[in-house]
Amino acid sequence: MSSTASSSKTDDAEALRRHRILSSHLYYDVPPSKVPLIYSPSYDIAFFGIEKLHPFDSSKWGRICRFLTKEGIMDQKHLVEPVEATKDDLLVVHSESYLKSLNSSLNVSMIVEVPPVAMLPNCLVQKKVLHPFRKQVGGTILAAKLAKERGWAINVGGGFHHCSLEKGGGFCVYADISLCIHFAFVLLNISRVMIIDLDAHQGNGHEMDFFDDRRVFILDMYNPGIYPLDFEARRYIDLGVEVKSGTATDEYLTKLDHALEVAEKKFDPDFIVYNAGTDILDGDPLGRLKISPDGIASRDEKVFRFARERNIPLIMLTSGGYMKSSAKVIADSIVNLANKSLIDMKS
């Protein structure tokens, strides 16, 4: 194929992507009575107890909100309900062939790492597994609009950083981070995005999606000895910080402080996507790090303060975390952010 034909094909693809974004209904005007905390009861996954075969707490998202309500920091009626991402929305980054592959329950079972899902009718898998994920994708995309308007937003779900445009894995079916960023480029006049990925696992999905896009800078702080061991994607991390199994709170936070200092010198973002996985918690069976609950709160506070001091809109996604205690730790961290006036939970 000649370079002219190749360039024309790329231009056509970009025009189609732009058209899909402009035609989407995922952005909508949220009234001031709502706080920029995004959640839907549809996030929570439950299908005959099969979900318990995966270590991920698939009711985590609802439990976070219940803890926040119990703490008196918010009322459920002030939460923002997102719209489910449609096929056209997903095609902004995903290929037709990848989305078609999700019509196979076997393929979905491999992505979510729950083998019995392969035995279920796909219509049930769509309703009980993929619908919740599509709803969370809508939440991540809407979070960017809210953050641009109010300075910050938290999607109580999302953060599916192992999914790229052509491949899912690690309980990540759709590339919500990549989708969110492409929507923001077109609709929010945003041109430079920093991804701060502090989940214990390497964010190989967004790394593959933005490997040649200089508008996106990736800071990834991860345990190099665990899944996904994606050495190709590691080449595309702009600032990689390896935290090996057994790393404790003080060392972790010191490394984070240094990483944020270096990142600021390397890149000047006008938007931040913060992937705030809690699988760094001490005792997490998959993350294998030893960060205390207070360490999680300090970590989140550092990232929010970094954005606030530079007046950069930020969205936070809750991503991975494989202990029942994660929900309370996340809720406590959000309470701490409010107490430190880094977020305003008053409607």
Side-chain angles (χ1 to χ4, degrees), residues 55-57 60 64 154 159 161-162 170 177 194-204 206-207 217-230 233-234 237-267 269 272-310 312 314-337 339-340 342-343:
F56 187 84
D57 176 12
K60 175 179 82 171
I64 293 167
I154 297 172
H161 65 158
H162 297 308
I177 292 174
M194 180 180 289
I195 299 173
I196 300 177
D197 195 334
L198 303 186
D199 188 278
H201 299 84
Q202 176 198 347
N204 59 322
H206 57 72
E207 288 156 10
F217 181 95
I218 298 171
L219 189 175
D220 196 348
M221 200 163 155
Y222 64 96
N223 184 339
I226 61 174
Y227 179 92
L229 302 174
D230 190 332
R234 285 184 194 179
I237 301 172
D238 298 287
L239 178 56
V241 181
E242 295 188 353
V243 280
K244 295 180 180 178
S245 296
T247 298
T249 302
D250 288 347
E251 180 185 352
Y252 183 93
L253 293 176
T254 299
K255 285 192 170 188
L256 175 58
D257 283 336
H258 179 67
L260 291 173
E261 287 176 16
V262 173
E264 182 182 22
K265 292 172 184 172
K266 287 178 171 284
F267 194 73
I272 293 173
V273 176
Y274 172 35
N275 201 47
T278 46
D279 47 7
I280 66 171
L281 270 171
D282 188 7
D284 189 286
L286 301 187
R288 300 183 193 170
L289 302 176
K290 293 186 176 295
I291 314 307
S292 67
D294 285 345
I296 295 274
S298 295
R299 176 200 69 171
D300 294 349
E301 184 180 330
K302 287 176 185 293
V303 175
F304 271 78
R305 199 173 296 283
F306 177 85
R308 169 65 69 88
E309 289 175 352
R310 293 155 186 80
I312 305 169
L314 171 148
I315 67 167
M316 171 177 157
L317 312 172
T318 58
S319 201
Y322 305 92
M323 296 193 297
K324 287 287 185 183
S325 58
S326 275
K328 182 69 163 60
V329 170
I330 294 166
D332 287 346
S333 180
I334 292 172
V335 170
N336 178 63
L337 292 171
N339 289 340
K340 298 289 175 64
L342 291 167
I343 61 175

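Keep in mind the model is a prediction, meaning the values are calculated, not measured.
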Note to self: Donor-acceptor pair, distance only, cut-off 3.5 Å: does the side chain of Asp238 make one with the backbone of Ile218?
What the structure shows: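 Answer holds: yes.
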Next item on the list: Answer yes or no: is there a donor N or O on one side and an acceptor on the other, between the side chain of Arg299 and the main chain of Ile291, under 3.5 Å?
Entry: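 Such a contact is absent between Arg299 side chain and Ile291 backbone.
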With sequence neighbours left out, what residues match [X] under salt bridge (charged side-chain N to carboxylate O under 4.0 Å, His left out)?
X      : result
Glu251 : Lys255
Lys340 : Glu301
Lys302 : Asp257

Please find the pair of heavy atoms, one from [X] and one from [Y], that lie closest to each other, and give the distance.
X      : Y      : result
Leu289 : Ala200 : CD1-CB, 4.2 Å
Phe306 : Leu260 : CE1-O, 3.6 Å
Gly159 : Ser319 : O-OG, 2.9 Å
Val241 : Ala259 : CG2-CB, 3.8 Å
Asp300 : Ala276 : OD1-CB, 4.2 Å
Ser325 : Leu281 : OG-CD1, 4.4 Å

Spacing of [X] atom [atom1] and [Y] atom [atom2] [to the nearest 0.5 Å]:
X      : Y      : atom1 : atom2 : value
His206 : Asp220 : NE2   : CG    : 5.5 Å
Leu317 : Tyr274 : CG    : OH    : 10.5 Å
Ile280 : Asn223 : CD1   : CG    : 11.0 Å
Leu337 : Ile343 : CG    : CD1   : 5.0 Å
Lys60  : Thr278 : NZ    : OG1   : 4.5 Å
Asp199 : Thr318 : CG    : OG1   : 10.0 Å

Item checked: SB check Asp332 Lys328 (cutoff 4.0 Å) ->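 Salt bridge between Asp332 and Lys328, a charged N being under 4.0 Å from a carboxylate O: yes.
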Checklist line | Note, Leu286 side chain near His201 side chain (heavy atom, < 4.5 Å) | finding: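 With C-beta onward as the side chain, the pair touches.
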Item checked: Partners passing side-chain contact (heavy atoms from CB on, under 4.5 Å) against Ser298 (at least two apart in sequence or in another chain) ->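 Ser298 satisfies side-chain contact (heavy atoms from CB on, under 4.5 Å) with Leu253 once adjacent residues are dropped.
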Margin query: Val273 and side chain to side chain contact (heavy atoms under 4.5 Å, CB included): which single residue from Asp197, Ile196, Ile315 fits?
Written below: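 Single pass found, and it is Ile315.
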Notebook entry, point to check: When you look at Leu314 and Phe304, which way does the side chain to side chain contact (heavy atoms under 4.5 Å, CB included) test go after all the steps?
Noted result: CA-CA 8 Å; Leu314 171 148; Phe304 271 78; 3.4 Å; yes
Next item on the list: Answer yes or no: does atom CG of Asn339 have more than 12 heavy-atom neighbours from other residues, nucleotides or ligands under 6.0 Å?
Entry: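 Buried by this count: over 12 neighbours within 6.0 Å.
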Check: Which residues pass the ring pair (Phe, Tyr, Trp, His ring centres under 6.0 Å) test with Phe267, sequence neighbours left out?
Finding: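 With sequence neighbours excluded, Phe267 shows a ring pair (Phe, Tyr, Trp, His ring centres under 6.0 Å) to Phe217, given in chain and number order.
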Next item on the list: Scan for salt bridge (Lys or Arg N to Asp or Glu O under 4.0 Å) pairs involving residues 274-293, sequence neighbours excluded, and state none if there are none.
Entry: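 For residues 274-293: Asp282-Lys290.
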